[in-house]
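Input: a single structure, listed below in structure tokens.
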Number of protein chains: 2
Amino acid sequence: MMPRKPEYDRDALIAQARDIFWRQGWAGTSLKDLERELKLKPGSFYAAFGSKDALYALALERYAQEGVMRLKALADRLGPLEALKAQPRLVIEASGAPAKACMLAKTYAELLARDHELAGQAGDLMSEMKACFADLFRQAQEAGDIAPEHDPNRLATRYQSDLLGLRLSAERSDVDAREIAADIAADIDRL
Amino acid sequence: MMPRKPEYDRDALIAQARDIFWRQGWAGTSLKDLERELKLKPGSFYAAFGSKDALYALALERYAQEGVMRLKALADRLGPLEALKAQPRLVIEASGAPAKACMLAKTYAELLARDHELAGQAGDLMSEMKACFADLFRQAQEAGDIAPEHDPNRLATRYQSDLLGLRLSAERSDVDAREIAADIAADIDRL
DNA sequence: TATATACTTGAGTGATCACTCAAGAAAGAC
DNA sequence: GTCTTTCTTGAGTGATCACTCAAGTATATA
């Protein structure tokens with residue numbers, strides 16, 4: 001006596017929610033927005049996800065996971081140094097993305113003052129990302145592409161900070177983000 | 001037949017509102033928050049400022065104006081190059097500030113997707129700030145402290161982007177922002 | 001002291017917030 | 001077909017949102 005199955009594709013809904021939250025932020029996205037875009041009535045929404053925050057958490061997790069996967073795939077194709085040099089250009093040229101700025105950074109900035117759990121999660125995910133960068137810097141150093149006196153963790157911290165600034169700047173119409181991206185890549189060549 | 005005068009100090013209230021908005025953001029600050037902190041009942045609040053957005057606009061204006069003034073005062077004391085090198089450390093070490101991240105950037109990121117007027121204002125003020133940075137780079141170049149092949153406007157764009165990233169990173173507990181600040185300053189010495 | 005003027009007060013406005021829940025519809029098991 | 005189980009539906013919940021306004025109060029002039 002198996003009952004009916006849901007009509008929606010849960011994974012696709014999470015991806016769609018991620019895009020909405022990414023663009024509009026946490027407070028900027030109402031349940032009505034989500035119900036309209038995901039085509040879910042309130043009852044179905046809460047049966048599927050439990051709460052707005054629970055869906056946001058899933059969306060954040062998905063966002064970070066895909067970011068890490070893209071970076072690792074890039075490093076497999078180009079090698080660590082070239083991946084680090086290409087990443088700045090790629091993140092601001094991603095045409096399908098709902099926003100240039102980093103969703104983790106936007107979430108962190110918006111919710112830190114409220115001591116919201118999602119800010120903590122966003123911070124943890126940024127740390128994971130930083131660790132990925134550090135790995136790549138370490139590999140590039142072991143390959144002899146980066147001088148041995150540099151600390152990979154410090155390089156990763158600075159690099160991530162630069163990327164956050166770049167991606168926020170890329171939202172501005174009076175800034176040529178490609179120039180910034182090129183300058184960040186050039187900095188890596190000088191290490 | 002002159003009537004009574006208001007009991008509040010309008011300038012002090014704007015500065016106080018700026019700190020609250022800076023820390024909590026636009027959506028994160030309710031009228032109840034403002035009424036409680038500024039000790040104004042709703043009627044007085046609306047008589048004094050007109051709306052929440054109008055007060056936010058005044059707070060943004062004040063924030064940017066004081067930022068420009070502090071930078072120019074710094075340049076008068078240290079000269080353009082040393083001012084640009086000192087600024088990163090100063091912005092993250094300002095102990096009285098309600099937040100490390102830039103209020104203009106937070107406002108821009110939060111309200112851009114809503115096409116809110118305040119996002120436009122924040123963007124304009126960031127452009128003004130960028131022009132100040134460009135002036136200092138130009139002066140440093142004319143003084144011979146920066147090689148002549150560099151474009152001051154491009155340097156200013158990159159510098160502002162770096163500062164935005166630095167100030168957001170400074171909110172994180174797992175990041176040593178002083179290291180980033182030192183690295184940004186070191187980059188200027190290499191120009 | 002009497003009056004005109006403006007500030008202060010706080011209950012109250014409709015709108016929107018995230019969220020609930022009971023009733024109806026659909027699909028596999030028998 | 002009938003039953004059981006789950007999904008879908010949408011009106012409705014109390015809370016909070018930004019904001020209003022009429023009544024009360026304080027002050028400077030006359």
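Naming convention: chains lettered A, B, ... in sequence-line order (proteins, then strands); numbering from 1 in each chain. Values in this document were obtained by computation on a predicted structure and should not be read as measured data. All heavy atoms count here, side chains included; hydrogens, waters and symmetry mates do not.
- Rounded to a whole Å, the CZ atom of R10(B) is 15 Å from the C1' atom of dC7(C).
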Show the atom names and distances, to 0.1 Å, of all donor-acceptor pairs under 3.5 Å that link a side chain in residues 179-191 of chain B to residues at least two apart or in another chain.
{"from": "D183(B)", "atom 1": "OD1", "to": "R154(A)", "atom 2": "NE", "distance (Å)": "3.4"}
{"from": "D183(B)", "atom 1": "OD1", "to": "R154(A)", "atom 2": "NH2", "distance (Å)": "2.9"}
{"from": "D183(B)", "atom 1": "OD2", "to": "R154(A)", "atom 2": "NE", "distance (Å)": "3.2"}
{"from": "D187(B)", "atom 1": "OD1", "to": "R190(B)", "atom 2": "NH2", "distance (Å)": "3.3"}
{"from": "D187(B)", "atom 1": "OD2", "to": "R158(A)", "atom 2": "NH1", "distance (Å)": "2.9"}
{"from": "D187(B)", "atom 1": "OD2", "to": "R158(A)", "atom 2": "NH2", "distance (Å)": "3.0"}
{"from": "D189(B)", "atom 1": "OD1", "to": "K85(B)", "atom 2": "NZ", "distance (Å)": "3.0"}
{"from": "D189(B)", "atom 1": "OD2", "to": "K85(B)", "atom 2": "NZ", "distance (Å)": "2.9"}

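- Closest-nucleotide positions on DNA chain C for F45(B) and S44(A) were compared, and the one nearer the 5' end corresponds to F45(B).
- One interatomic measurement links the two molecules: CG of L55(B) to P of dA18(D), which rounds to 12 Å at whole-angstrom precision.
- L40(A) places its CG atom 16 Å from the P atom of dT20(C), with the value rounded to the nearest Å.
- Scored by the side chain to side chain donor-acceptor pair (under 3.5 Å) test, Y46(A) finds no partners at all (sequence neighbours excluded).
- Listed by chain and residue number, K130(A), F133(A), A134(A), F137(A) satisfy the side-chain contact (heavy atoms from CB on, under 4.5 Å) test with A156(A) (two or more places apart in sequence, or in another chain).
- Residues passing the side-chain contact (heavy atoms from CB on, under 4.5 Å) test with Q16(A), sequence neighbours excluded: L13(A), E37(A), L38(A).
- Q139(A) pairs by the side-chain contact (heavy atoms from CB on, under 4.5 Å) definition with P80(A), D135(A), L136(A), not counting sequence neighbours.
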Whether each nucleotide of nucleotides 11-17 of chain D has a protein heavy atom under 4.0 Å at its base (B), only at its sugar-phosphate (S) or at neither (-) is summarised, 5' to 3', as B-----S
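- Whole-Å rounding puts the D53(B) CG to dA18(D) C1' distance at 10 Å.
- By the neighbour-count criterion of 12 heavy atoms within 6.0 Å, atom CD of E117(A) is sparsely surrounded, having that number or fewer from other residues, nucleotides or ligands.
- Atom CD in E35(A) sits about 13 Å away from atom C1' in dT8(D), given to the nearest Å.
- Distance OH (Y46(A)) to P (dT20(C)): 7 Å, rounded to an integer number of Å.
- Summarising the geometry, the separation between CZ on F49(A) and P on dT8(D) is reported as 11 Å, rounded to the nearest angstrom.
- Rounding to whole angstrom units, CZ of residue R36(B) and P of dG10(C) are separated by 16 Å.
- Close to dT8(C), at under 4.0 Å from its OP1 or OP2, lies no side-chain N or O of K41(B).
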